[in-house]
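Ligands are counted one by one from 1 in listed order, and the atoms in each one are counted from 1 as well. The figures here come from the full heavy-atom set of this structure, side chains too, leaving out hydrogens, waters and symmetry mates.
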Amino acid sequence: MQFQHEKDKILIIDFGSQVTKLIARRVRELGVYSEIITPKDLNKIKNYQNIKGFILSGGPSTVTKKKFESVPKRIFNENIPILGICYGLQLIAKIFGGKIKPSRKRREFGRAHLFKKKSSLLIKKFVKSNTSVWMSHEDAVVKLPKNFSTIASTKYSNLTIIENSKKKIYGVQFHPEVTHTDNGKKIFENFLFLICKIKKRWKISSQKNRLIEEIKNTVGNQKVICALSGGVDSSVAALLINKAIKKNLICIMVDTGLMRKNEFSYTYNLFKKKYNLNVKLINASKIFLKKLKKVSNPEKKRKIIGSLFIKVFEEESKKYKGINYLAQGTLYPDIIESRSSTGSKTSKIKSHHNVGGLPKKMKLKLLEPLKEFFKDEVRILGKSLGLVEKINFKHPFPGPGLGIRIVGDITPERLRILKEADFIYINELINKGLYSKIWQAYAALLPIKTVGVMGDSRTYENICLLRAVTSEDGMSADYFNFPKNFLDSISNKIINNVKGINRVVYDITSKPPSTIELE
Ligand code: XMP
């Protein structure tokens, strides 16, 4: 088990749903510590002492086949409350003798109206006259297992919420963890506090001192190297480690030339002067631009930037003697995603490069102090470490940087144009109080020339694309609904101030079907 320090916890058994990590988030948002583990990990746990509840996630498996993913029967006999979600519900039904059928007729995707059949602790103050829940299933429970009763139904699935209150086993066919379910948090609140009777004890800000002590104990007098990008994750990791080991932390900033305007100098000065960290700045922009010359294929660009970054970082780190650890800002979702519960490989859309994904062959031990946390939790830690808001609440920025925001070839001139436009856009969002309402915003350059007119002259210049999305974790996203006057003024500002752009467009696609970045 990873996080031995937490006494009372909720264990989430991951059957491979895309949204399992949202379950952990919901539980933690309610002040309760939770961990996600695979069914295999669950088999290895001998002592259930600190486990106050199990949540069985959804997943792609089906209990209608001969072989299906399951859990040890023991968990049902320990008087520990259990909540099954989607596949989790079907599994419970199967184990207790219910009937599950795959059926085109019964399949439900999207919102469904919920009808209450009976009162239950699980749905206390949850169901209103117009409660809709988010469904995503093909199989459905068609016969109740023995000693279970029906709590609620939808039009197409009779057994949407079931319970065996004596054994404290509950199942919901819908996904209370996604925001599309009205008031879904209430289901977790009821499960945690009315059924599991667990105490609210998890507070991220109180983890800071424990983490610093752990780093001190692990690292001792040895040296740690860290790639600092100026994003939230690497910044919080660096501040934490610095609190523990001071000058034995060496931070390296590799300037690829693909960062936003002024960003690198700002971050460098901040960490060196305000936080007094041992930071070394490497200007590698020339070599990055040289290697990217005439490369327009998105995947090729990503590969070049990723491997060159590693090369430059490795070469620099060789200059320091006696380094034992490589620090990375790995987060909890990265850990969950890299360990598939089902063994299935989801199809690769883009090869992500992250300054966190550093070289394996460096033979350094990894130091990943944020690996237990979600991004919003890291921001709370950042605040308690005194990290400036500008970095702590910065939108996510991809490892390959502006390299994947210039469609086609990357040239110094295109970079100049994009940096100027992006700078104006982001500052305007901040000045108009919109930045914090948006999950991620950026400008991109479409190097397609179109005709315009400025004054009495014809122009023939590039298109600037503006993107702004709301999202919870970047896996899906909606475009942000700007007021018209903002769009009017930003278009004017960019065209009047950036030579090389004569047309501004706003991207109104969601993810899916688009992705957040263009490449
Ligand atoms: P997409 O474009 O896949 O992006 O919808 C989802 C989120 O991931 C970020 N992104 C990256 N982050 N290295 C990163 O660290 C990458 O290579 C990378 N590519 C995309 C993107 O900015 C968005 O927040």
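- Look at Lys383 and Glu377 and you find no salt bridge, because none of the NZ, NE, NH1 or NH2 atoms lies under 4.0 Å from a carboxylate O.
- Every atom of ligand 1 with a heavy atom of Thr515 under 4.0 Å away is listed here by number and element: 1 (P), 2 (O), 5 (O).
- When only interatomic distances are considered, the shortest N/O to N/O separation between Gly399 and ligand 1 falls below 3.5 Å.
- Looking at Lys185 and Glu189, no side-chain N of the basic residue comes within less than 4.0 Å of a carboxylate O on the acidic one, giving no salt bridge.
- The contact set between ligand 1 and Pro396, taken as ligand atoms under 4.0 Å from a residue heavy atom, comprises 24 (O).
- A side chain to side chain donor-acceptor pair (under 3.5 Å) with Lys394 holds for exactly one of Glu389, Gln440, Glu263; it is Glu263.
- Considering backbone and side-chain N/O atoms, Arg405 never comes within less than 3.5 Å of an N/O atom of ligand 1.
- Heavy atoms only, all atoms of each residue included: Gly230 and Ser234 are closest at N-OG, 3.7 Å.
- Against a heavy-atom cut-off of under 4.0 Å, Lys511 is close to the following atoms of ligand 1: 1 (P), 3 (O), 5 (O), 6 (C).
- Of all the atoms in ligand 1, the ones that sit under 4.0 Å from a non-hydrogen atom of Trp439 are 24 (O).
- With salt bridges taken as basic N to acidic carboxylate O contacts below 4.0 Å, none links Glu315 and Lys318.
- Looking at Arg503, its side chain does come within 3.5 Å of a backbone N or O of Val451 through a donor-acceptor pair.
- Per-residue contacts place Arg302 under 4.0 angstrom from the following atoms of ligand 1 (heavy atoms of the residue considered): 16 (C), 17 (O), 18 (C), 19 (N), 20 (C).
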